[in-house]
Amino acid sequence: MKMNPMRNDNRFKLGVFAANADGCLSITKVPERWMASWDDIVAAAQMADQAGLEFFLPLARWKGFGGETNARHISFETFTFAAALSGLTEQIALFATVHSLIVPPVYAAKALATVDHASHGRAGLNIVCGWNQPEFDMFGLQKPENVYDQGKEWLEILTRTLKGGAPFDYKGEHFDLKGVEGAPSTVQTPHPILLSAAFSPPGRDFAAKYCDCIFTTFNDHDEAEKSIADFNQRVEKAGRQAGFYAPVHVVCRPTQQEADAYYENFAVTHADNDAVDIHMAMKKKMSGSHDPKTYDLYRKRFAAGAGSFPYVGTPQAIVDQMIIMERLGFGGVAMSFVNPKLELPYFLENVLPLMEEAGLREK
Ligand SMILES: Cc1cc2nc3c(=O)[nH]c(=O)nc-3n(C[C@H](O)[C@H](O)[C@H](O)COP(=O)(O)O)c2cc1C
């Protein structure tokens, strides 16, 4: 088995985020916007894989956000997505992003084990405890009062099932299961890398206590520093170790002016404003995934990358950002591009060597 690159020694890990969905994280009408066709996804995954990026991370979405483009109405299911990419890539970690409310844990354990075997130990699981009630309505489900209580039971069942061994019964507040068993176990022991996408204090606790990394948002370096200190306290209290990751949206160009001009073009001039409004209003109402002031301050960041942090500039400016973030305690970032197939070649060719020079990556 090759090592899952999420466990390698690179100080700042890089992944491609949200390529399974239209727009990736952007909500824009530019003609080159990502339509998430399967062949384009494979091309982007293979570029990232061959360049040695650490991970390929899909988002979990079941419904579009409306507007002119109905942003995110196209998306691929993520276990089958990761399984299919297993045979088409060599080294990159392949995550599935799963709603703990929608997918039964015993099913998720088997699907995850399948991806881990098919990829020879490169599987990862991003757990989203969830926020979007209209999506849950598609499954006849009601979001529980505390999604993380449900998530904790879900994860306990999943990890126990993955261990194999004698059949077990499980009785909790959310699950009442009899004779649970699962084989094979995963290739990675004790289990594949577990990520939890969350922001709130209960979400941070869940990630700190039970996962390998938190995947979370931030507005600026000061806020990130405080969030990392807060998260690390929770991790220490749990007597564990866990990494801190965030999504970013990337526009990398030879000059700052070119990067700024393209950013303005896709995220302001050609933003799908109706979809941005709906997306922001839904998140504001139903999700704690951002600091509330983010919605007022950073509309452009929502059009460009669902409220993620901007990496907009020259290769050196982007690496300078990474250097700051690595010092603050980030383990890495998951990157969204307007069109990963078009944008990755320049990024990979020009940013990775500078990261090597800066000691953020091994050659
Ligand atoms: C970086 C990040 C990525 C997320 N990705 C998804 C996703 O792909 N699908 C989804 O339904 N929710 C996603 N979420 C939402 C979380 O799973 C969670 O429901 C939301 O953040 C509310 O929980 P919280 O208050 O603990 O943050 C994401 C959240 C964050 C912070």
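All figures in this text were calculated on a predicted structure; none of them were measured in a lab. For the single chain, residues carry numbers from 1 onward in sequence order. Remember, it's 1-based here, ligands and their atoms both numbered in the order they're listed.
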Count the heavy atoms belonging to other residues, nucleotides or ligands that lie under 6.0 Å from CD of E356, then report whether that count exceeds 12. yes
Does F139 have more than 12 heavy atoms from other residues, nucleotides or ligands lying within 6.0 Å of its CZ? yes
Output yes when E156 and R160 qualify as a salt bridge under the 4.0 Å nitrogen-oxygen rule, no when they do not. no
Between the side chains of K63 and E135, is the shortest nitrogen-to-carboxylate-oxygen separation below 4.0 Å, so that they form an ion pair? no
Measure from the side-chain N and O atoms of H191 to the backbone N and O of K163, and report whether any donor-acceptor pair falls under 3.5 Å. no
Side-chain donor or acceptor of S336 paired with backbone N/O of G305 under 3.5 Å: no
Tabulated below should be the N or O atoms of ligand 1 paired with protein N or O atoms at under 3.5 Å; can you produce that?
residue, atom, partner, partner atom, Å
ligand 1, 8 (O), A60, N, 2.9
ligand 1, 9 (N), A60, O, 2.9
ligand 1, 11 (O), R61, NH2, 2.9
ligand 1, 11 (O), H99, NE2, 2.6
ligand 1, 12 (N), W131, NE1, 3.2
ligand 1, 17 (O), A197, O, 3.1
ligand 1, 19 (O), G130, N, 3.1
ligand 1, 19 (O), G130, O, 3.1
ligand 1, 23 (O), Y148, OH, 3.1
ligand 1, 25 (O), S200, OG, 3.2
ligand 1, 26 (O), Y148, OH, 2.4
ligand 1, 26 (O), S200, N, 3.4
ligand 1, 26 (O), S200, OG, 2.5
ligand 1, 27 (O), F199, N, 2.7
ligand 1, 27 (O), S200, N, 3.3
ligand 1, 27 (O), G288, O, 3.4

